[in-house]
Amino acid sequence: MAIERYNPRASEQKWQKAWDEAKLFETDDNAPGETYYVLEMFPYPSGRIHMGHVRNYAMGDVVARFKRAMGYNVLHPMGWDAFGMPAENAAMQNKVHPKHWTYENIAAMRGQLKTMGLSLDWSREFATCDVDYYHRQQMLFLDFLEAGLIGRKTSKVNWDPVDNTVLANEQVIDGRGWRSGALVEQRELAQWVFKITDYSQELLDALDDLDQWPDKVRTMQRNWIGKSRGIDVQFKLTDPVEGHDEIICYSTRPDTMHGASFIAISPDHPLSIALEGDNAELASFNADCRRLGTSEEALEKAEKLGFNTGIRVQHPAEGRSLPVWVGNFVLMNYGTGAVFGCPAHDQRDLDFARKYDLPVRNAFYLASDGADVASEALVPAKSDVVDYVNHFAGVTTATGEEAINQTIAWFEQNGTGKAKEQFRLRDWGISRQRYWGCPIPVIHCDDCGAVPVPKSDLPIELPEDISFDLPGNPLDRHQAFLQVKCPGCGKDAKRETDTMDTFVDSSWYFARFATPHAEDPTIPAIANKWLPVDQYIGGIEHAILHLLYSRFFSRAMKRTGHLDVDEPFKGLFTQGMVVHETYRDDSGWITPAEVRVEDNDGNRIAIHLESGKPVEIGSIEKMSKSKKNVVDPDDIIASYGADTARWFMLSDSPPERDVIWTEAGVEGAHRFVQRIWRLILGASEGLKQAEPNPAKEGDALAISKAAHKTLQAVGSDLEKLAFNKAVARLYDLINQIAAPLNQIAEGKADVQTAQATRDAVDKLLAMIAPIMPHLAEEIWAQLGNTTMISALPWPVFDPQLVADDEVTLPVQINGKRRGEVVVSKQAEGKAVEELVLSLDFVQNHLQGNAPKKIIVVPNRIVNIVV
RNA sequence: GCCCCCUUGGCGGAAUUGGUAGACGCAAGGGACUUAAAAUCCCUCGAUCAAUUGAUCGUGCCAGUUCGAGUCUGGCAGGGGGCACCA
């Protein structure tokens, strides 16, 4: 009897509908079972889902389905990170309203996601651009403001002087505006900031307890917060100028003060700005510096340039005078905006000194040699012992750490310096001069200042009658939005037209999912039941900003009574990207769909389908529109089905690493889908008649052992999100039960084999169900079951079947494997030694000599040292 | 430039976290079935030499620790992520 091929198109729709109708994945807050909240980072509605989404949501779905089967009450919601620049760009380019563009994209992507068969609770869906959502975000803003968590600060933005508009860092290309091409300037704007720095120490300390986060993310956050201990040192100007009589420099290495040979201040240092008035050359130098834009990367990568102000300061310990330079590499927003340059012990300072012919003085030498610094700065670790020269703090031979402490003490006693703890973390500026974002609920009154909008007047809705014909924020020209009465004094006032950074939207959406329709931002009793998110899954690119802001936000929400957790994400998993080969010809990049790849005597060649001409195969890169190396999930799901796409996304590559999308890989995954179907359906008559019953002895024992061992291992793999390992084990299990399944199909299997195989098949389907839920449901139904497998509990393995009483030990001689020996698991070390020494190949290698040492690692290895 | 991560056969990767390197999959080659093709099934598959049960080398490169290193330490190279207004 020929088995029809599995038809994913029919089955997948059928089961998606069945799950929907049974409301299987709609979460009841009060359902029994321990709560488990699994969340994937919600997508930006760009218009189409991409393979990165497929991978992300496939992972989350496996966790959700697995945990549901383990008896947890699972929350697995989905929404849309829907504010942001692309909608405004679309509005400018295609004359489409950001709102319509966004909601159409959401509708399209929702449809795509639904074909994946994800176990999502769609009843909790929302978009951050829904008035219902940003209304509550405005409520949170007001509460934060009242609680003193929000302040006003000026900060720098990229200003396009032609378009008269603020540019994002990514819109500044080589110092020019992306549209106008004008040289970018920096502007100071008054901005709303969230006072994340109030929590610097706490955000740092709490990282230690996030033991279900990747270490690399915790390290990155630690470095980002950047706590340092150092000193503010006073340098008196030899002649006060423009009302300035000193420069304060922050340093973490005051032990190098003896080597100080210049002072460098930021172009934005108050002194530098003060000097601009009488010094046109300096003004022009500073203006050039400000054209680099505001990104730290651009500043750091730029050639290090300096301007000698001609001003001098006195070395506070040695009395000699030092020149004051303005340096383009000194950041105003870190420390005091001024540093002392010690060329001997800092490579950047050394390069600067060589360039501008400044002296290089060693503050210390390595004990081994007293060589002066030449082209490489001497930068030992703080824990290294070095010889200090003529050190004012009395230090001669000490570690950097000791010398730093003594130097700080010396300066404090001397009254010329003050110990200081410093954080690199800055307050979070949230003001954006854009339309498509959450309006900031504040009104500016000439008399009362910035006045919060009363909660009863919320929401402040974005007006829809706007146009992007002119550059800049359309809200600035919208009179009906702009003109309001001051809530304090009733006089004419102006509404704030800045909107919030989209990171604000994504800093609390996970909390809103607990009560997506509540009047208040949260209902604490319910939110606290679900939070923190047990497993959060998303891209490593969010390792710092999104995650740090969210960590701040949950603390701020706790302080304002909306939540009672500090940390929003208990478990974090950062998945790798989906990458693909690139293809190009003379006319540019070509999509994989337009190309056929062939094997030509071991060389892979690509051919353009339409023209038949060869195409160059380029490097493997992150799927992106610009390189056109994208594969549309719709196409894959239409031709192979969602299960194949899900299976392939989770097989082979470990989830935290990049995965290369290949046609061959997808086809392999699809063959496996068909193989399971064929093997089990071929034996379905026999299987239906067999009671599932694991074998305890005889030939069928191997089947049951394989099934139960796999069940144990897959369970622990899924617990660790090691999907690729689980997949490999499932391949293995199918290989092992293929022969008995064929026997059953041919009617040649005995009862024991049939029963053991039925048990193994039941286990196999349960294990496959989280990954390929439609296929598992379909086969499960074909075996005569009437309950959906998605609603069944995870099976339990038999401990007796997973235990082995013998183990194969490799035997090494001098660390090289020479053979192996089978011993009982309980065998004593002595007995193993004797057994091993009696082996022929061991005797041969020993050649009559007595072994020097025998190392027996129980149940692992034996090593004989000769 | 700074911070973080990655590097194992032709390819994706596995290796019980210091204990048999290459599980599992893909690709390739050989064979079976077939009028033929597809599908399917079986075998081989790190390199070099012995030519079978053996030997040597081999986890980006160079050192080191250890009875034993893919795994730990130091240095180097290449690739990737982030750098505060992309999301």
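The sequence lines fix the lettering, A, B, ..., with proteins before strands; numbering per chain opens at 1.
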Would you indicate, yes or no, if [N] has its OP1 or OP2 atom less than 4.0 angstrom from a side-chain nitrogen or oxygen of [X]?
| X | N | answer |
| --- | --- | --- |
| N169(A) | rA84(B) | yes |
| K853(A) | rU66(B) | no |
| R671(A) | rC26(B) | yes |
| R675(A) | rC41(B) | yes |
| N814(A) | rC67(B) | no |
| R432(A) | rA84(B) | no |
| N735(A) | rG25(B) | yes |
| K156(A) | rA84(B) | no |
| R657(A) | rU7(B) | yes |

Atom-to-atom span, [atom1] of [X] to [atom2] of [N] - whole angstrom:
| X | N | atom1 | atom2 | answer |
| --- | --- | --- | --- | --- |
| D346(A) | rG1(B) | CG | P | 14 Å |
| E663(A) | rG25(B) | CD | C1' | 17 Å |
| M332(A) | rA84(B) | CE | C1' | 17 Å |
| I734(A) | rC41(B) | CD1 | C1' | 15 Å |
| E4(A) | rU40(B) | CD | C1' | 17 Å |
| F503(A) | rG82(B) | CZ | C1' | 11 Å |
| E296(A) | rC2(B) | CD | C1' | 7 Å |
| Y44(A) | rC86(B) | OH | C1' | 10 Å |

- request: Return the 5'-most residue of the pair A168(A), I855(A) with respect to RNA chain B, ranking by each residue's nearest nucleotide.
  value: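 Taking each residue's closest nucleotide, the earlier one in sequence belongs to I855(A).
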
message: Taking the nucleotide of RNA chain B with the nearest heavy atom to each, does I540(A) or R348(A) sit closer to the 5' end?
response: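 Nearest nucleotide further toward 5': that of R348(A).
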
Any idea which of [options] is nearest the [X] side chain?
| X | options | value |
| --- | --- | --- |
| R818(A) | rA15(B), rA55(B), rG82(B) | rA55(B) |
| Y731(A) | rC24(B), rA84(B), rC4(B) | rC24(B) |
| E541(A) | rU20(B), rA23(B), rG81(B) | rG81(B) |
| D81(A) | rG1(B), rA87(B), rG81(B) | rA87(B) |
| Q812(A) | rG19(B), rC3(B), rG12(B) | rG19(B) |
| Q191(A) | rC83(B), rC4(B), rC85(B) | rC85(B) |
| S653(A) | rG13(B), rC86(B), rG82(B) | rG13(B) |
| N724(A) | rA87(B), rA14(B), rU20(B) | rA14(B) |
| R426(A) | rG19(B), rA23(B), rA84(B) | rA84(B) |
| H542(A) | rU20(B), rA87(B), rC86(B) | rA87(B) |

query: Checking all strands, does V865(A) fall into the base, sugar-phosphate, or nothing category for heavy-atom contacts under 4.0 angstrom?
result: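 Touches sugar-phosphate only.
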
Decide yes or no, distance alone: a donor-acceptor N/O pair under 3.5 angstrom between the base of [N] and the side-chain of [X].
| X | N | result |
| --- | --- | --- |
| N863(A) | rC67(B) | yes |
| R434(A) | rC85(B) | yes |
| E297(A) | rC83(B) | yes |

message: Is rG9(B) syn or anti, taking syn as a glycosidic angle within 90° of 0?
response: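 That one's syn.
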
Paired with [N]: which nucleotide, if any, by Watson-Crick or G-U wobble criteria at under 3.5 Å for both distances?
| N | answer |
| --- | --- |
| rU71(B) | none |
| rC86(B) | none |
| rG29(B) | rC43(B) |
| rU53(B) | none |
| rC24(B) | rG12(B) |

Side-chain H-bond candidate by donor/acceptor type, [X] with [Y], under 3.5 Å:
| X | Y | value |
| --- | --- | --- |
| S506(A) | D81(A) | no |
| N56(A) | Q575(A) | yes |
| D658(A) | S653(A) | no |
| D351(A) | Q347(A) | yes |

- line: Result for ring pair (Phe, Tyr, Trp, His ring centres under 6.0 Å) between Y199(A) and one of F423(A), F552(A), F194(A) points to F552(A)

query: Quick one: which of L718(A), I771(A), D717(A) gives a side-chain contact (heavy atoms from CB on, under 4.5 Å) with F723(A)?
result: L718(A)

message: For the backbone of T499(A) and the side chain of R432(A), can you confirm whether one donor and one acceptor N or O come within less than 3.5 Å of each other?
response: no

- prompt: Under a 4.0 Å N-O cut-off, is there an ion pair linking K195(A) with D427(A)?
  reply: no

